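Ligands are counted one by one from 1 in listed order, and the atoms in each one are counted from 1 as well. Just so it is clear, the structure is predicted and the values come from calculations on it, not from any experiment.
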Amino acid sequence: AIEEDQDAPEDLKPRAPIVTVMGHVDHGKTSLLDYVREANVIAGESGGITQHIGAYGVELDDGQRITFLDTPGHEAFTAMRARGAQVTDIAVIVIAADDDIMPQTKEAISHAQAAAVPLVFAINKIDRPTANPDKIKEGLANMNLLVEDWGGKIQSHDISAKTGDGVKELLEKVLLEAELLELKANPNKNASGTVVEAFLDKGRGYVSTILVQAGTLRIGDYVLAGTHSGKVKAMYDERGKEIKKAGPATPISILGLDGAPQAGDKFNVMEDEREAKQIATKRSQLLREQSVRTQRH
Ligand code: GDP
């Protein structure tokens with residue numbers, strides 16, 4: 001069966017924080033994610049394979065790591081939460097300094113708060129002549145969100161996702177926030193985690209991006225993910241480089257599942273292939289029955 005076994009404290013090792021970027025449309029979520037990715041993931045890669053796999057990890061100069069869910073907007077966040085997946089440790093809320101605190105910004109803030117996920121504000125577009133970061137911070141204060149410059153405890157940094165100004169400092173603040181959370185996981189057991197996205201690739205079959213949250217996933221492991229299962233045939237990191245194993249807080253894409261699981265589905269490594277297949281089949285049946293029932297009502 002799928003067990004959620006308790007880890008002994010000595011088995012727990014520090015892991016990278018997992019960060020989601022949220023905010024109002026056009027405030028710069030994609031630009032920030034692209035800037036961070038290009039500055040940290042692609043630079044120095046000889047192959048230069050640039051494929052979006054829905055999540056990536058960055059390593060800062062001091063060796064500290066951050067894992068970003070590369071699906072901007074809170075749709076992915078809410079979809080995952082709706083499936084019971086708590087993936088995000090920290091929410092970066094992007095707000096354009098030449099605009100106001102918009103409805104979607106407020107929505108993103110309340111989603112994060114409802115999930116008890118700490119916020120870090122990225123006050124963006126400060127390169128624009130009409131940018132007024134103080135007005136944004138005042139607006140936040142009026143919502144009872146006091147950022148550091150305003151005497152509060154919430155981390156915030158002024159950035160330009162276009163020029164890259166302040167982005168490094170923003171990431172440092174994310175890591176500071178992460179330190180307070182004392183994030184840990186046990187790398188020495190069968191892997192489990194969450195599906196980020198999955199699709200059918202013409203040449204390669206089903207490609208699933210998954211986030212390992214505990215344990216270590218290895219080639220040859222038998223994985224159960226939502227209503228699908230299969231043996232891991234190949235694993236790739238965010239650079240498209242083939243890897244053989246992946247520990248906690250590592251996003252990877254894998255080949256070998258017999259279908260595309262949904263974003264937010266949990267995955268587990270199963271010792272017993274037959275049992276995994278049975279559970280997957282059972283889950284599909286339950287889902288079918290559920291959808292028949294909802295159609296009737
Ligand atoms: P998203 O909808 O939140 O993902 O926003 P985008 O990242 O797509 O950005 C919306 C627009 O704002 C694009 O035209 C970007 O080029 C522009 N933009 C984003 N960040 C900045 C910034 O820091 N400075 C300036 N001048 N433009 C930016």
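- Counting only non-hydrogen atoms, the option in Gln104, Lys125, Lys29 that gets closest to atom 12 (O) of ligand 1 is Lys125.
- Ligand-side atoms of ligand 1 in range of Val25: 2 (O), range being under 4.0 angstrom from any heavy atom.
- Against a heavy-atom cut-off of under 4.0 Å, His24 is close to the following atoms of ligand 1: 3 (O).
- Contact annotation: for Lys162 versus ligand 1, heavy atoms closer than 4.0 Å belong to both the backbone and the side chain.
- Contacts between Asp26 and ligand 1 below 4.0 angstrom, taking non-hydrogen atoms only, involve backbone and side chain alike.
- Of the candidates Asp127, Thr30, Leu32, it is Asp127 that places a heavy atom closest to atom 26 (N) of ligand 1.
- The cationic atom of Arg65 (NZ for Lys, CZ for Arg) does not lie both less than 6.0 Å from the six-membered ring centre of Tyr56 and within 45° of the ring axis.
- Heavy-atom contacts of Ser160 reach the following atoms of ligand 1: 22 (C), 23 (O), 24 (N) (cutoff under 4.0 Å).
- In the model, Thr194 has a side-chain atom that pairs as donor or acceptor with a side-chain atom of Gln213 under 3.5 Å.
- Environment of CG in Asp62: crowded, with over 12 heavy atoms of neighbouring residues, nucleotides or ligands closer than 6.0 Å.
- Between the side chains of Asp165 and Ser160, no donor-acceptor pair is found at a separation under 3.5 Å.
- Ligand 1 places these atoms under 4.0 Å from at least one heavy atom of Ser31: 6 (P), 7 (O), 9 (O), 15 (C), 19 (C), 20 (N).
- The neighbour count for Lys233 NZ, taken as heavy atoms of other residues, nucleotides or ligands under 6.0 Å away, does not exceed 12.
- The pair Lys125-Asp158 fails the salt-bridge criterion, with no side-chain N (NZ, NE, NH1 or NH2) lying under 4.0 Å from an Asp/Glu carboxylate O.
- Remark: ligand 1 and Ala161 share an N or O pair separated by less than 3.5 Å (distance only, no angle test).
- In this model, no donor atom of one side chain and acceptor atom of the other lie less than 3.5 Å apart for Asp99 and His24.
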